[in-house]
Number of protein chains: 4
Amino acid sequence: MTLTLAQARTIIDAALAKGREEGAQPLAVVVLDAGGHPVAFAREDGASLFRFDIARAKATGALGMGADTCVIAQRAANNPAFFQSVVAVTGGQLALSPGGVLIRISGGTVIGAVGISGDTGEMDEACACAGIAAAGLSHGVQS
Amino acid sequence: MTLTLAQARTIIDAALAKGREEGAQPLAVVVLDAGGHPVAFAREDGASLFRFDIARAKATGALGMGADTCVIAQRAANNPAFFQSVVAVTGGQLALSPGGVLIRISGGTVIGAVGISGDTGEMDEACACAGIAAAGLSHGVQS
Amino acid sequence: MTLTLAQARTIIDAALAKGREEGAQPLAVVVLDAGGHPVAFAREDGASLFRFDIARAKATGALGMGADTCVIAQRAANNPAFFQSVVAVTGGQLALSPGGVLIRISGGTVIGAVGISGDTGEMDEACACAGIAAAGLSHGVQS
Amino acid sequence: MTLTLAQARTIIDAALAKGREEGAQPLAVVVLDAGGHPVAFAREDGASLFRFDIARAKATGALGMGADTCVIAQRAANNPAFFQSVVAVTGGQLALSPGGVLIRISGGTVIGAVGISGDTGEMDEACACAGIAAAGLSHGVQS
């Protein structure tokens, strides 16, 4: 199954709605397909300039390592040298902060990832999970 | 005046609607702000992998040179060495094909650019102009 | 459907067998999945150093543009400035020579690409098509 | 003596067999020649997207520093600033984790390197050593 543009937009709309509801800082949200290529993106008014790049590096990093960035960030705290070398080898495509979340269908197959940047990593991640759930898809974070 | 996310999404929706109406190949559409940073993006199902990168390089190139890429592509045909050097110096942020169109407010001030890739350069450009017009903004192509 | 390692290895083995049968120069053969990521690769003894990079850029370019590189190379002959700018924007991931061939399942869905470098573009392409056919998959070149 | 494609494939097959025997996560295995150029590669179904890049950076790093990455990773723990500067100066071609193992002939001459990514560094390394041994070649790790 391939992630569709319609699904990606549902994820973004719901993630942004969650952010507004929670009073989050302005967010950037990107949705990537299983190969790490952008399907849809939105940056809220007032979000600063790096937000797209950071959001994308969260989502790409989750796909690249096969885990949500909240998990990767914890591993990196215990093994910083290795993870900094992964950041380098991938041209920076791994942002070591929560907010990059794998998108799964039932059964667990990964069909893409969401990356959000703008508020704390925890808030970014909560908005990503809300977006995925709104599209009827699964994330591993709260399971 | 700063281009808003709401305007960017209106541009994308109208550009994609124009593409469907014209029977275009699957399109990727990106909207950048005046600083060349992505505000919103969508890639239609079935569009090939480079479409985001090419669309972005059309929009960035238009902002970078201060002209729509239909004009730049013509200049490049007459002066290929210079324009290839611009492509090189900018790390590839100039795609030499129509479909990168400046977004202006009345009076002519540039507030961003649209880049589209997926069909012929002419079709890509027509969809970009339709998107800008639908948002009540101006493009220079048909004026 | 996802391209498997077993399929990728069948493609490589059959492509190399075709090359030996035809008396081709030493070849490098790469198989990418639909997202452009390497699944398997082999470089024959005696193949020169750039062969991996060129083979990969043929396969990535085919996926990126949604067409075999024999078709892209012809388009590029008519519009060199645009295609050189695509080469630049993608960091060189488009080799403008035959030998990059999309892998399709019945119905036409693209599940990956083969890239071969080592002999003439025509020979490279013939070996790629032989490999894809041996795996029971489809290529568009001879249809 | 030059590492042959036949040897590289024996190494990969035996490394993957070891991984299956040990119940490892899906692995990516790359074999480089003495010049650091890829000879053969395989990525098991389900391995995440960065595995090729990380495996390659382990193998390239081993060749680049003249030591297995298990040794380099320990040195880096004691001297992180220097090794991060090596990562930077080589464009990321050094992954600071076990799993990059030099391939030697009797007498000790290095003819290439194996890099594996997918499971823990220790498991990756054990599979690399099993592969090298199966090809009748030597690795320094257990000697």
Side-chain angles (χ1 to χ4, degrees), chain C residues 1-17 19-20 24-60 63 91-93 111-118 127 135, chain D residues 1-17 19-20 24-60 63 91-93 111-118 127 135:
Chain C
M1 187 187 148
T2 302
L3 187 74
T4 65
L5 174 56
Q7 289 173 313
R9 289 182 142 192
T10 298
I11 291 170
I12 290 177
D13 288 345
L16 293 180
R20 286 317 102 232
Q25 294 295 310
L27 301 176
V29 185
V30 68
V31 178
L32 307 182
D33 65 20
H37 300 281
V39 178
F41 171 71
R43 176 165 56 103
E44 289 189 301
D45 302 341
S48 57
L49 297 185
F50 287 171
R51 296 303 165 192
F52 169 70
D53 289 322
I54 298 173
R56 188 177 181 178
K58 288 183 181 179
T60 307
L63 286 166
Q93 286 304 304
I111 62 166
V114 182
I116 299 188
S117 179
C127 294
Chain D
M1 186 189 150
T2 302
L3 186 75
T4 65
L5 174 57
Q7 289 173 312
R9 289 182 144 192
T10 298
I11 292 170
I12 290 177
D13 288 345
L16 293 180
R20 285 317 101 232
Q25 294 294 310
L27 301 176
V29 185
V30 68
V31 178
L32 306 182
D33 65 20
H37 299 280
V39 178
F41 170 72
R43 176 165 56 104
E44 289 190 301
D45 303 340
S48 60
L49 298 187
F50 287 173
R51 297 302 167 191
F52 170 71
D53 290 321
I54 297 173
R56 187 177 182 179
K58 288 184 181 179
T60 308
L63 287 165
Q93 286 304 303
I111 62 167
V114 183
I116 301 188
S117 179
C127 294

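Labels below follow one simple rule: chain letters A, B, ... track the order of the sequence lines, proteins then strands, and each chain is numbered from 1.
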Asks: Provide the closest heavy-atom pair for C:P38 versus D:F41 in the form atom of the first, atom of the second, distance.
Replies: O-CE2, 3.4 Å

Asks: For a quick test of reading the model, state the closest non-hydrogen atom pair linking D:D45 to C:L3 and the distance between them.
Replies: OD1-O, 4.4 Å

Asks: Given a strict heavy-atom distance threshold of 4.5 Å, which part of D:R9 is in contact with chain C: side chain, backbone, both, or neither?
Replies: side chain

Asks: Rounded to the nearest 0.5 Å, what's the gap from CG on D:L49 to CG on C:D33? Could you check?
Replies: 7.0 Å

